Each structure stands twice: as C-alpha cells, then as structure tokens.
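Reviewing the structure listed below.
Computed from a prediction, not measured in an experiment: that's the story for all the values here. In listed order, ligands and their atoms are each counted from 1.
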Amino acid sequence: MQREELVIVDNIEKQAWKLLEDAIIYYQDRPVGTVAASDRSQSALNYDHCFIRDFAPSALLFLIKGRYDIVRNFLEETLKLQPQEQLFDAYTPNKGLIPASFKVAFTNEQEYLEADFGEQAIARVTPVDSCLWWIIILHAYVKATKDLNFALQPEFQQGIALIMELCLATRFDMSPTLLVPDGACMIHRRLGIYGYPLEIQVLFYTALRAARQLLICAGDEEIVIGIDKRLPLLQNHIRHHYWIDMQRLNAIYRFKGEEYGEKAINQFNIYADSIPYADLAIWLPKHGGYLAGNVGPSQLDTRFFSLGNLMAIISSLASEQQSQAIMNLIEAQWEDLVGTMPMKICFPALEKEEYRIFTGCDPKNIPWSYHNAGNWPVLLWFLTAAAQKTGRKKLAQTAIEIAQTRLFEDEWPEYYDGTKGALVGKAARRYQTWTITGFLLAKELIRNPNYLELCSFEEFDGENASQACDL
Ligand code: GLC
C-alpha cells in the first residue's frame with residue numbers, strides 16, 4: 001500500500017474507534033452497552049437500544065482492548081433483566097429469556113433499564129438468539145479475563161442454567177435442533193425461516209459448547225449430561241442433513257419419496273422439484289459446498305445464509321473439510337456472495353411469488369434489499385474469523401480492502417442493496433454500530449489471529465468434554 005493510502009486507512013480506523021466510543025450507553029454512570037445506531041437524520045425507533053446480538057462484536061473489541069468493565073457491566077445488567085419465574089400467562093417473557101434489546105429509561109428522574117423481549121418489536125418477533133449470544137459473550141469475557149470465578153458466581157450459574165433449561169426443555173419434537181418461529185435471529189422479520197433455521201442451530205451449538213465449559217466446575221449434573229448428549233447429535237444432524245455439495249445434490253436429485261420407517265434414506269421426504277437443482281448444479285464449484293438454510297418436513301431451504309455458515313466454521317460445527325468447502329464456495333462465487341460489499345446476508349433473494357408468500361409482501365424486504373439478500377458489513381468480521389480459522393487470510397484481506405473506504409465514505413450504513421451490494425440500503429441507518437465494530441474487529445483479527453480464540457471452538461471431543469474447563 002502507498003504511504004498516502006496508509007494514512008487514509010489509519011484515519012478511517014481512528015474515526016471508527018471514536019464512533020464506537022460515542023456509541024457507548026451509560027447507566028448510573030457506568031458503561032453498559034452500545035446503541036444500535038447513532039443516525040440523527042432518521043427517527044430512532046428502537047435503534048437507540050443496545051441489542052444483545054449487535055453488542056457481540058462491540059464486546060469482543062472491548063475485550064481485545066482490555067476494556068473489561070463495559071462487558072462485565074453489560075453481562076451483569078442484562079442478567080438482571082432475565083425473568084426468574086414462570087408466570088404461565090401469555091404476553092409476558094418466559095423464565096430464562098434474555099431480551100432482544102434494552103435502553104436506559106427514566107421515571108421520576110430515576111434511571112432504569114427498559115427491556116424488549118419482542119413484546120414491543122415490529123411484528124412481535126421472538127428473540128431466540130439473544131440468550132445464545134449472551135452465553136457466547138460471557139464465555140469470551142471469561143476467556144479474555146481468565147476470571148472463571150466471574151461465571152461461577154451463583155447468579156451467573158443460575159442464569160446459564162435457566163437458558164439451558166429453555167433450550168433443552170421437554171418439547172413436542174425429537175430433533176436435536178431447536179424449533180423456532182420466523183424472524184427469531186438477526187433476520188427478525190418474516191422471511192420463510194421458521195422451523196430449524198441454520199443461524200439459530202449454529203448459535204445454539206456454540207452456546208452449548210460455551211455453557212459446557214462455564215458450567216463444568218459447578219457440576220450442575222443434569223444440565224451437563226443434557227448438553228453432553230445433545231452436542232454430538234446436533235453436530236451430526238447438521239453435518240449430514242444440512243450439507244449441500246455436488247455429491248449431495250446428486251443424491252438429493254435422485255431421492256425417492258414417500259419412504260416410511262427406519263431405513264428411509266430421504267428422511268425428510270424432500271422432493272427434488274422443490275429445490276432449484278439446475279441452478280445449483282451450475283453454481284456449486286467442484287470442491288465447494290455449504291450448509292442449507294433450513295431443513296424440515298419436505299423442506300430443504302437451499303439459500304446460502306452467511307452468518308450461519310461462517311459461524312459454523314468458527315465454532316467447528318462444520319467439519320474441517322466442510323469448512324474448507326464453504327470457503328471454496330465463497331471464493332468461487334465471490335461476485336454473488338461478496339460483490340462490492342462483504343457480504344450478502346443470504347443468497348439468492350426471494351423474488352416474485354416466493355417474495356410475496358414468504359415475506360408477506362414486506363416492502364422493506366423486497367428482492368435484493370435488507371434481509372432479503374442485502375449486503376451487511378457486520379458480516380465482515382465473521383468472514384475474517386472464518387478465513388483465519390481455515391488459513392484463508394487472503395480472502396479476508398481482500399474483503400476488508402473492498403469495504404473500508406466505502407464504509408467511511410458512506411458513513412457506516414447498516415446494509416447495502418442490489419445484487420452486488422452497490423447501493424446504500426433503502427432504509428439503512430447511518431453510523432450503525434455493528435457496521436463500525438464489524439470493520440474494526442475484522443482489522444484486529446487480521447492483525448492478531450490469537451484473538452480468534454475468544455469466540456472460536458476446536459473440533460468437539462466428547463471424550464474430553466467432561467474435563468473441559470480449559471478456559
Ligand atoms: C436490524 C437487524 C437486526 C439488528 C437491528 C439493530 O433490524 O435485522 O438483526 O439487531 O437492526 O441493529
């Protein structure tokens with residue numbers, strides 16, 4: 001890089017750090033989180049809240065910089081928002097839930113934290129991912145500070161246990177995956193992702209891995225046994241039933257339907273005509289593959305969802321071979337998946353009748369916009385982490401180069417639109433915090449791959465899980 005360019009990039013980073021500092025929320029004079037966006041040109045709606053999922057990259061950055069207090073305060077305050085009792089009446093958050101977001105509010109000039117468990121959210125969507133992200137952030141905090149005692153405090157053990165109880169609860173179905181309603185994660189609008197969406201399954205897996213290490217020393221027997229049983233089943237299920245590559249596509253294409261009983265090969269009764277096999281056969285490179293967006297009864301959602309696939313690499317939910325294949329696919333289909341802004345939230349977009357049926361004619365999610373295949377700069381850090389984990393640093397460097405000047409010039413938008421991400425998102429907020437932190441975290445991960453340890457896991461080894469606690 002030329003000297004002049006280096007100075008520009010340096011200034012971009014300096015501005016980003018400053019913006020992150022300005023995004024910090026204070027409660028009773030203590031820093032407790034970061035706002036979702038600081039765009040004064042648009043109505044705040046709930047963008048003045050601290051979202052749990054949005055805070056994850058902020059938390060990792062604060063931990064990297066030794067600003068442990070913010071993350072500790074965040075964990076303590078959000079834990080206090082977790083309901084401890086089951087009220088058994090509808091419209092109240094269930095025991096164990098962590099809110100989607102919170103903000104500082106006032107009554108009689110007294111500050112308090114107002115939480116939103118989805119009861120205020122547009123379309124009243126359920127934030128299933130919050131409690132999973134909360135455990136992942138707690139795990140990262142313990143890794144960074146080496147203060148396991150923090151997580152061993154009774155209220156934290158209780159908090160983790162309540163989340164685990166929610167996830168491992170007795171329920172109707174027998175699948176190792178989590179059954180959730182539409183819009184239960186980063187995509188929190190209707191987009192045909194009800195059932196067993198990949199993002200939730202991967203976060204579930206990662207949270208189980210994290211909880212396993214945080215609970216171990218306290219010896220919460222029943223939950224630990226539950227986690228140990230669930231982890232390998234969940235891993236096998238995803239690696240087998242969600243995987244799509246040329247070989248698997250061939251098998252699916254020739255699947256027989258209507259198989260009953262134990263010996264069924266096409267267990268979910270997938271009909272080849274329901275998947276775009278001709279397009280996929282062209283799109284899939286020889287050594288590439290990915291995890292499907294969703295698998296359920298006669299359903300195989302073949303859309304590529306970035307967060308789920310990248311986090312599957314980071315958490316080792318995908319096997320080593322699968323992880324390499326996912327990166328091969330991203331490299332081979334760079335124009336589609338990364339284009340002019342890393343990277344697409346999902347690909348391809350739902351169009352025409354599918355768009356109308358699955359989104360409910362949502363004007364915010366028109367094809368190639370927002371959740372419906374828009375480009376989200378926050379995904380840059382997931383891409384960088386996955387690239388580091390698979391030894392594909394060059395891919396991450398190229399992605400960062402594409403993003404940095406543009407993000408700065410466009411004032412850090414929330415998302416981009418268009419098939420290649422060429423347009424600033426139609427309703428995108430500017431100064432979106434996780435756009436800023438996604439960029440900064442990607443930079444930090446490139447500089448020091450050791451930071452990856454804060455959020456990544458090695459291949460699950462059931463044998464040694466019981467001696468875990470290797471934080
Ligand atoms: C968007 C995203 C959601 C995020 C929120 C706040 O609506 O879909 O995942 O948490 O904005 O940034």
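- Judged as a side-chain contact (heavy atoms from CB on, under 4.5 Å), and not counting sequence neighbours, the contacts of A403 are M341, P342, L380, L407.
- For the residue pair Y91 and E119, no side-chain donor N or O sits within less than 3.5 Å of a side-chain acceptor on the partner.
- In terms of the side-chain contact (heavy atoms from CB on, under 4.5 Å) criterion, residue partners of T126 (sequence neighbours excluded) are, by chain and number, V128, P181.
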Check ligand 1 for N or O atoms under 3.5 Å from a protein N or O and list each pair with its distance.
{"residue": "ligand 1", "atom": "7 (O)", "partner": "H188", "partner atom": "NE2", "Å": "2.7"}
{"residue": "ligand 1", "atom": "7 (O)", "partner": "Y370", "partner atom": "OH", "Å": "2.6"}
{"residue": "ligand 1", "atom": "8 (O)", "partner": "M186", "partner atom": "O", "Å": "2.9"}
{"residue": "ligand 1", "atom": "8 (O)", "partner": "H188", "partner atom": "NE2", "Å": "3.2"}
{"residue": "ligand 1", "atom": "8 (O)", "partner": "H371", "partner atom": "NE2", "Å": "2.6"}
{"residue": "ligand 1", "atom": "9 (O)", "partner": "R53", "partner atom": "NH1", "Å": "3.4"}
{"residue": "ligand 1", "atom": "9 (O)", "partner": "M186", "partner atom": "O", "Å": "2.7"}
{"residue": "ligand 1", "atom": "10 (O)", "partner": "R53", "partner atom": "NH1", "Å": "2.8"}
{"residue": "ligand 1", "atom": "10 (O)", "partner": "D54", "partner atom": "OD1", "Å": "2.6"}
{"residue": "ligand 1", "atom": "11 (O)", "partner": "E414", "partner atom": "OE2", "Å": "3.4"}
{"residue": "ligand 1", "atom": "12 (O)", "partner": "D54", "partner atom": "OD2", "Å": "2.5"}
{"residue": "ligand 1", "atom": "12 (O)", "partner": "Q432", "partner atom": "NE2", "Å": "2.8"}

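- With sequence neighbours excluded, the residues forming a side-chain contact (heavy atoms from CB on, under 4.5 Å) with H240 are R248, listed by chain and number.
- Between R189 atom CZ and I122 atom CD1 the span is 5.5 Å, to the nearest 0.5 Å.
- Summarising the geometry, atom CD1 belonging to I187 is positioned 8.5 Å from atom CG belonging to L307; distances are rounded to the nearest 0.5 Å.
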